[in-house]
Every structure is written in structure tokens, then in C-alpha cells.
Amino acid sequence: MTEKKILLVDMDGVKADYYKGFCIEWAKRFPDRPIVPASELKTFYLENAYPKEWEQDILAITRGKGFFLNLPLIEGAAEALKEMDECGKFEVYLCTAPDVDAEDQCCPGEKLQWIEKHLGKKWLKRTIMSTDKSLIHGHYIIDDKPVMKQSVGPMWKRIFFTHAYNKDLPGPRINKWSEWRKVLLPDLPWAV
Ligand SMILES: [Mg+2]
């Protein structure tokens with residue numbers, strides 16, 4: 001049994017820049033349409049951030065082949081993952097929900113390819129995919145989703161990765177990867 005704390009780390013919006021990837025594709029396909037700046041994105045679900053008549057265009061991008069594979073890496077994400085893993089305090093796992101509505105079920109495979117490309121092959125065996133993260137054992141989870149599915153009371157304590165759509169919610173948070181130590185290493189009151 002390890003003494004280390006199990007730290008789950010989400011991918012989309014935490015390691016992979018989901019919204020930036022969307023904006024790049026949106027601008028390519030619809031150069032005449034506006035883009036909501038990330039700093040003003042008030043809703044987690046992109047289809048709610050844009051006019052209703054564009055919903056299918058949005059989903060065609062985010063559920064299309066190649067979308068997950070081509071997401072940019074969030075600044076400092078790879079370095080922080082390595083540092084958290086090597087600091088001796090955490091057993092780190094990637095914990096991500098696959099988009100089961102993506103075309104031809106391409107999402108899980110593309111996520112694995114993305115991990116190998118940006119984070120390294122060793123993380124493939126430390127990847128957990130679940131559409132319900134409350135079922136996964138862990139002490140902490142770093143995630144950007146404002147309201148997470150909880151079919152059971154999760155064992156983990158959530159730490160937000162800050163975006164405009166979660167910035168007003170209470171709880172510990174990492175604003176950018178360069179500051180992970182400040183949040184995760186001290187014996188804070190919320191520590192398990
Ligand atoms: Mg996420």
C-alpha cells in the first residue's frame with residue numbers, strides 16, 4: 001500500500017486546451033462568425049455559449065474526427081504533471097470522460113494518442129476513462145467542470161482548474177499550472 005495520495009487529473013480544459021482547439025476550428029470553418037473569448041466563456045457547454053442555430057455546427061466540430069487528437073497542450077501542463085508525479089507525495093492518474101457521442105467512437109483512441117504525444121507513453125497505463133468520475137477512487141481530483149456527475153458520493157476532494165465558467169465557485173483552485181505547488185503541497189485545511 002502506498003502512503004502517497006492518489007491525485008486524479010482531468011484532461012479537457014486541464015491538460016488539453018479544449019476551448020482553444022474549438023476556436024481554431026471554428027475560425028477556420030466559419031471565419032465570419034464571432035468567437036467568445038475564453039475569458040468571457042460563462043458556460044461549460046459550448047453549445048450554450050453561442051446562438052442556438054449554431055449548435056449542430058459546434059457539435060460537428062467537438063464530436064468530429066481529429067478534434068481531440070489536435071487539441072493544444074495547456075501551458076505548463078506537461079511539466080507540472082511530471083513534477084507532481086516526482087515530488088513523492090502523489091500517485092498521479094489522468095482521469096477523463098470520453099465523449100461517447102463522438103463520430104465512430106473516435107474519442108477514447110484519440111485521447112490515448114494525445115497522451116502519448118504530449119505527455120509520454122508511460123501515462124497510457126495511468127489513464128482512467130469514465131463517464132462518472134465519482135466512481136473512481138482518489139484523494140483529490142483536479143477538474144474544470146462546474147458540476148460533476150456524482151452517482152455516488154465521491155471519495156475525492158475537488159480542486160478546480162480555473163476557467164471563466166468556474167471562477168466564482170467556492171473551493172481550492174489552481175489558476176495556472178506554474179502554481180500547482182502553492183495549492184497542493186501545503187497542509188491546507190481541506191487536505192485529506
Ligand atoms: Mg475537463
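In listed order, ligands and their atoms are each counted from 1.
Using a cut-off of 4.0 Å between Lys/Arg side-chain N and Asp/Glu carboxylate O, D12 and K145 are scored as not salt-bridged.
In terms of the salt bridge (Lys or Arg N to Asp or Glu O under 4.0 Å) criterion, E53 has no residue partners (sequence neighbours excluded).
No side-chain donor-acceptor contact under 3.5 Å links K149 and T131. Of the N and O atoms on the side chains of Y165 and D144, at least one donor lies less than 3.5 Å from an acceptor on the other residue.
Note: W26 and Y50 have tilted aromatic rings, judged against thresholds of 30 and 60 degrees for the angle between ring planes.
Distances shorter than 2.8 Å separate the Mg ion (ligand 1) from the protein N/O/S atoms D10 OD2, D12 O, D144 OD1.
Within 6.0 Å of NZ on K52 lie no more than 12 heavy atoms contributed by other residues, nucleotides or ligands.
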